[in-house]
Amino acid sequence: MSCITLVRHAPGAPGLRLFGLGPHLIPCQGVIKLRKLFDKHAFWAKNRSHKQIRHLLAKSTVIISLWQGKRLVGFGRATSDGITRAVLWDIIVSGDLQGLGLGRQVVDALLSTPSLKNVEKIYLMTTNSSDFYFQLGFQEAG
């Protein structure tokens with residue numbers, strides 16, 4: 001596996017959202033690549049429009065992306081009030097790179113950001129990856 005670069009985007013991800021910037025602020029059609037990642041590896045996010053993706057980025061508190069060169073291979077985001085609640089959304093790793101710890105890297109990067117670090121409760125929803133999240137310390141909500 002060649003070098004993977006983790007990018008911690010500013011809230012709302014203006015560089016990615018408006019200019020398609022990837023690692024090292026290099027233009028690389030990031031929103032188009034994110035749409036392709038959603039379509040190929042996230043059944044719940046298939047067919048999101050360019051406009052929808054830009055909107056969800058704009059409203060996100062924390063955005064993390066993983067890149068292999070100019071290839072977007074992982075993504076995750078969170079929304080939060082910074083005090084009581086946060087929700088993790090759209091945790092995705094390209095299928096050919098799953099099982100290598102990249103999903104854990106995305107979740108760890110999200111949870112370690114200052115705006116989520118001291119939040120009372122952090123939620124996420126998953127349909128078929130609950131074992132993965134249990135390994136990371138998440139519990140099923142009652």
Side-chain angles (χ1 to χ4, degrees), residues 1-82 84-117 119-142:
M1 178 173 71
S2 62
C3 183
I4 301 290
T5 303
L6 184 141
V7 177
R8 295 175 187 270
H9 299 273
L16 176 65
R17 176 172 45 93
L18 300 173
F19 305 109
L21 301 180
H24 314 294
L25 303 176
I26 296 171
C28 61
Q29 300 181 320
V31 174
I32 292 168
K33 290 179 180 181
L34 180 55
R35 184 176 182 186
K36 289 178 181 178
L37 188 69
F38 281 152
D39 285 348
K40 188 170 183 182
H41 301 288
F43 68 88
W44 70 90
K46 273 189 179 200
N47 300 316
R48 286 183 179 166
S49 70
H50 191 82
K51 183 178 178 180
Q52 288 172 319
I53 293 170
R54 287 181 59 178
H55 184 81
L56 70 83
L57 289 170
K59 300 298 180 181
S60 296
T61 311
V62 182
I63 301 102
I64 300 294
S65 60
L66 296 178
W67 298 80
Q68 189 176 47
K70 286 188 175 183
R71 178 183 174 212
L72 179 62
V73 297
F75 178 81
R77 66 187 184 95
T79 55
S80 178
D81 62 17
T84 62
R85 300 291 184 269
V87 181
L88 304 187
W89 305 98
D90 299 327
I91 310 297
I92 308 168
V93 172
S94 184
D96 62 313
L97 297 174
Q98 290 179 3
L100 302 175
L102 299 178
R104 176 182 291 272
Q105 192 174 352
V106 170
V107 172
D108 287 347
L110 289 167
L111 296 178
S112 68
T113 59
S115 57
L116 297 186
K117 206 169 197 163
V119 170
E120 290 174 11
K121 291 199 183 272
I122 298 177
Y123 297 96
L124 64 89
M125 291 191 323
T126 185
T127 52
N128 60 4
S129 298
S130 55
D131 289 343
F132 168 72
Y133 293 106
F134 290 149
Q135 290 175 10
L136 299 181
F138 283 86
Q139 302 170 0
E140 194 166 329

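The model shown is predicted, which means the values in this text are computed figures rather than measured ones.
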Return the minimal non-hydrogen interatomic distance between [X] and [Y], and the atom names on each side.
{"X": "V119", "Y": "A86", "value": "CG1-N, 3.7 Å"}
{"X": "K70", "Y": "P27", "value": "NZ-O, 4.3 Å"}
{"X": "W44", "Y": "R48", "value": "CD1-NH2, 3.9 Å"}
{"X": "A78", "Y": "L116", "value": "CB-CD1, 3.7 Å"}
{"X": "S94", "Y": "R71", "value": "OG-NH2, 2.8 Å"}
{"X": "P23", "Y": "G69", "value": "CG-O, 3.9 Å"}

Counting only heavy atoms not in Q105, do more than 12 fall under 6.0 Å of its CD?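 Correct, the count exceeds 12.
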Please list, chain by chain and in numerical order, all residues satisfying salt bridge (Lys or Arg N to Asp or Glu O under 4.0 Å) with E140, sequence neighbours excluded.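 Here no residue qualifies.
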If only atom types and distance count, is the side chain of D39 paired as donor or acceptor with the main-chain N or O of N47 below 3.5 Å?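 Yes, the answer is positive, given that a donor and an acceptor are paired below the 3.5 Å cut-off.
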To the nearest 0.5 Å, how far apart are [atom1] in [X] and [atom2] in [Y]?
{"X": "H50", "Y": "H55", "atom1": "NE2", "atom2": "NE2", "value": "14.0 Å"}
{"X": "L66", "Y": "L72", "atom1": "CG", "atom2": "CG", "value": "8.0 Å"}
{"X": "I64", "Y": "F75", "atom1": "CD1", "atom2": "CZ", "value": "9.5 Å"}
{"X": "R77", "Y": "I92", "atom1": "CZ", "atom2": "CD1", "value": "9.5 Å"}
{"X": "K59", "Y": "W89", "atom1": "NZ", "atom2": "CH2", "value": "14.5 Å"}
{"X": "L18", "Y": "R54", "atom1": "CG", "atom2": "CZ", "value": "5.5 Å"}

Go through L25 and F19 one step at a time and tell me if the side chain to side chain contact (heavy atoms under 4.5 Å, CB included) criterion holds. CA-CA 9 Å; L25 303 176; F19 305 109; over 6 Å; no
Min side-chain heavy-atom separation [X]-[Y] under 4.5 Å:
{"X": "T79", "Y": "T61", "value": "yes"}
{"X": "F38", "Y": "Q52", "value": "no"}
{"X": "Q68", "Y": "L102", "value": "no"}
{"X": "L88", "Y": "F138", "value": "yes"}
{"X": "I91", "Y": "L110", "value": "yes"}
{"X": "S80", "Y": "V62", "value": "no"}

Can you pull the side chain to side chain donor-acceptor pair (under 3.5 Å) pairs that have at least one residue in residues 4-22, sequence neighbours excluded?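 Every side chain to side chain donor-acceptor pair (under 3.5 Å) pair that includes a residue of residues 4-22, provided the two are not neighbours, is H9-S65.
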Among L16, V31, D90, I32, exactly one meets side chain to side chain contact (heavy atoms under 4.5 Å, CB included) together with I53. Which residue is that?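 Passing option: V31.
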Verdict with reasoning, R104 to L136, per side chain to side chain contact (heavy atoms under 4.5 Å, CB included): CA-CA 7 Å; R104 176 182 291 272; L136 299 181; 3.2 Å; yes
